[in-house]
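Proteins get letters first, then strands, A, B, ... in listed order; numbering begins at 1 in each.
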2 protein chains.
Amino acid sequence: MFSFKRLFSFVSEMKTPIEYSEKQIAIINAAEKLFAEKGFDGASVRDIAQEADVNVAMISYYFGSKEKLMEAVFEERTVNIKLKVENLLQDKSITPIQKVYILIDDYVDKFIHQQQFHKIMMREQMINKHTPVAALIHELKKKNLESIKTLIQEGQKTGAFKKNIDIVLMMTTMVGTVSQMLTSQHFYRSLNNMEHMDDMEFQRHIRKKLSTHLKNLFKQMITNE
Amino acid sequence: MFSFKRLFSFVSEMKTPIEYSEKQIAIINAAEKLFAEKGFDGASVRDIAQEADVNVAMISYYFGSKEKLMEAVFEERTVNIKLKVENLLQDKSITPIQKVYILIDDYVDKFIHQQQFHKIMMREQMINKHTPVAALIHELKKKNLESIKTLIQEGQKTGAFKKNIDIVLMMTTMVGTVSQMLTSQHFYRSLNNMEHMDDMEFQRHIRKKLSTHLKNLFKQMITNE
DNA sequence: TAAAATTAATTAAACGTTTGTTTAGTTTTA
DNA sequence: TAAAACTAAACAAACGTTTAATTAATTTTA
C-alpha cells in the first residue's frame with residue numbers, strides 16, 4: 001500500500017537527486033511559496049494543498065509529514081545553490097580580485113533568483129534548533145566559506161590582498177547586506193520612489209546596486225589598493 | 001467586567017506610555033522570548049502563559065488577543081529604541097565622522113541588548129503585510145533614516161564626507177551585517193572555536209568586532225580619506 | 001492479447017490534538 | 001460591597017495526520 005514512501009526514503013538515504021512527479025513538484029513549489037510568505041507554522045498543509053491544487057492527504061502520502069516536506073524543499077533547492085568557486089580557483093587567466101567580483105555577482109544572482117527559498121533559510125537559521133534542515137544549512141555555509149578561504153589565500157600569495165582579512169566577518173557583511181535588502185525591499189522601493197517600476201525592472205535595479213556596492217566594499221576591505 | 005480592557009485601548013490611542021502591572025510585564029517578557037524563539041505562530045498562548053506563570057485567560061483579559069499582545073510587545077520595546085542622533089546633531093565639539101562612529105556603537109549596543117526583540121522585528125519584516133506592527137517598523141526606520149541623513153549632510157557641508165553617498169544602501173549594510181551576525185552567531189562561534197566562552201564574554205567580543213568592522217567600512221564609504 | 005490480479009494514485013471523511021478565545025464563577029483588593 | 005483580578009472548564013475552529021474506499025495504472029497470468 002505504501003510502497004512509494006518506502007522507495008523514497010531509500011532513494012533519499014542514497015543522497016541521489018530525487019525525481020519528482022508533476023504533482024510532487026507542485027507541492028514543493030507551493031510549500032516553498034507559503035513557507036516563505038507565512039513561515040513554517042503560519043502555513044497550513046491545507047493552504048499548501050490548495051495552492052498546489054492537490055488533495056491534503058497527498059502531502060502525507062508523498063512526503064510523510066509537513067516536517068519532511070520542508071526537508072524535501074531544502075534538498076530540492078540546495079542542489080544547485082553552491083557558489084561556483086571550484087571552477088574559479090583553477091582559472092589562471094583571472095586575477096584574484098576579479099574572482100571575488102564574480103563570486104559576489106554569483107551570490108547576488110542566486111539570492112535574487114531564489115528569494116523565496118532564501119527567506120525560508122533566514123527563518124530557519126533564526127530558530128536555532130538541531131533539525132536536519134539546520135544541519136544542511138550549516139554544512140552548506142561551511143563549504144562555501146572553505147572555498148572562499150582558498151580564493152582569498154590565493155590573492156594573499158600574489159600580494160594583491162591584505163594579510164589580515166576576517167573572512168567570516170566579510171561574508172557576514174555580504175550575506176547580511178543582501179538579506180537585509182531582500183527583507184526590506186518594499187521599504188527601499190517606497191523610499192526611492194520606485195513604486196511605478198515593474199518587479200522585473202526593480203529587481204534588475206537592486207541587483208546592480210548590490211553588486212557595485214559590495215564590490216566597492218570588498219575592494220577596500222581586502223586589497224592593498 | 002472588562003473595563004480594564006477599555007481603559008487600555010484608550011490609553012493606547014493617546015500614545016501615552018502604558019504602565020503595566022507585574023503580571024502584565026511578565027506576560028510581555030514571556031511573549032517576547034517565545035515570539036523570538038519560535039515565531040508568532042510557533043508560540044502558543046499556553047506556552048506564553050506558562051512561561052509567564054499566569055493563567056491562559058489573563059492574556060485575553062489584559063491584552064484582548066494574541067495579536068494585540070504582539071502589538072503591546074512592540075509598543076513596549078520601541079519606546080527607547082530610537083537612535084540618539086537628535087542630541088548628537090547639536091554638538092559642535094564632535095566631528096562628523098566621530099558622530100557616525102557613536103551612532104554605529106549605539107546601534108550595535110541596542111541590537112545586542114535587545115536581541116530577542118530584534119529577532120521578532122526581522123521576522124515581522126519578512127511577512128510583509130500591512131499590520132499595525134509593520135507600520136510601526138516602517139515609521140521607526142523612516143525616522144532613523146531622516147536623522148542620519150541630516151548627520152551625513154553636515155559632514156558633506158564641511159567637506160569631510162563624499163558628495164554622493166547612498167545612505168539607504170549604507171544603512172542596509174549596517175543593519176544587515178548586525179542582523180546576520182545575530183542570526184548566525186552560533187555558526188560564527190563554532191567556526192572561531194569560541195564555544196568555551198561564556199555568553200557575556202562572547203557578546204562583548206562580537207560587539208567589539210562589529211563595531212570596529214562597521215567603522216572601517218563606513219569610513220571608507222563616506223570620507224574622502 | 002485479453003482477463004485477472006496487483007499496485008499506485010487519489011479522494012472525502014473522520015481522527016484526535018491543539019489552537020485562540022470565552023464563559024461563568026470565585027477570590028482578592030480597595 | 002462593588003470593581004478588579006484570577007481561575008478551571010468549555011468552546012468552536014483549525015491543525016496535522018490517518019483511514020477506508022475508489023479510481024487509475026501497471027504487471028501477471030492464462
Rounded off to whole Å, could you give me the [atom1]-to-[atom2] distance for the [X] and [N] pair?
X: A:D53; N: C:dA9; atom1: CG; atom2: C1'; answer: 15 Å
X: B:Y62; N: C:dT22; atom1: OH; atom2: C1'; answer: 17 Å
X: A:D47; N: D:dA14; atom1: CG; atom2: P; answer: 11 Å
X: B:K66; N: C:dT19; atom1: NZ; atom2: C1'; answer: 8 Å
X: B:K38; N: C:dG20; atom1: NZ; atom2: P; answer: 11 Å
X: A:I59; N: D:dT18; atom1: CD1; atom2: P; answer: 13 Å
X: B:L34; N: C:dT19; atom1: CG; atom2: C1'; answer: 15 Å
X: A:F63; N: D:dT18; atom1: CZ; atom2: P; answer: 15 Å

Exercise. If you look at every strand shown and take non-hydrogen atoms under 4.0 Å, does B:S65 touch a base, only sugar-phosphate, or nothing?
Worked result: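 Contact class for B:S65: sugar-phosphate only.
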Exercise. What nucleic acid atoms does B:A49 come within less than 4.0 Å of, heavy atoms only: base, sugar-phosphate, or nothing?
Worked result: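 No contact at all - B:A49 keeps every heavy atom at 4.0 Å or more from the nucleic acid.
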Selected nucleotide, minimal atom distance to [X] side chain, candidates [options]:
X: A:S60; options: D:dT17, C:dT21, C:dA12; result: D:dT17
X: A:N55; options: C:dT22, C:dT11, D:dT18; result: C:dT11
X: A:Y61; options: C:dT11, C:dA8, D:dT7; result: C:dA8
X: B:V56; options: D:dT19, D:dT17, C:dT21; result: C:dT21

Exercise. Aromatic rings A:Y188 and A:H205: how do their planes relate, parallel, tilted or perpendicular, breaks at 30° and 60°?
Worked result: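 Aromatic pair A:Y188/A:H205 classed tilted.
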Problem set entry | Closest-nucleotide 5' rank along DNA chain C - winner of A:R46 and B:S44 |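 Here A:R46 is the residue nearer the 5' end.
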For this session: Would you confirm whether the ring centroid of B:F74 sits within less than 6.0 angstrom of the ring centroid of B:F117?
Result: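 Judged by ring-centre distance (under 6.0 Å), B:F117 and B:F74 do meet the cut-off.
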For this session: For the pair B:K143 and B:E139, find out whether any cationic side-chain nitrogen is under 4.0 Å from an anionic carboxylate oxygen.
Result: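 So B:K143 pairs with B:E139 through a salt bridge.
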Exercise. Does C:dA9 have OP1 or OP2 sitting under 4.0 Å from an N or O in the side chain of A:K23?
Worked result: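 For A:K23, the contact criterion (side-chain N or O under 4.0 Å from OP1 or OP2 of C:dA9) is not met.
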For this session: Search all heavy atoms of B:I104 against all heavy atoms of B:S211 and return the closest pair with its distance.
Result: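 Looks like CG2-O, 4.2 Å.
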Exercise. Would you say the side chains of A:N128 and B:H186 form a donor-acceptor pair under 3.5 Å?
Worked result: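 Yes, side-chain donor-acceptor contact under 3.5 Å.
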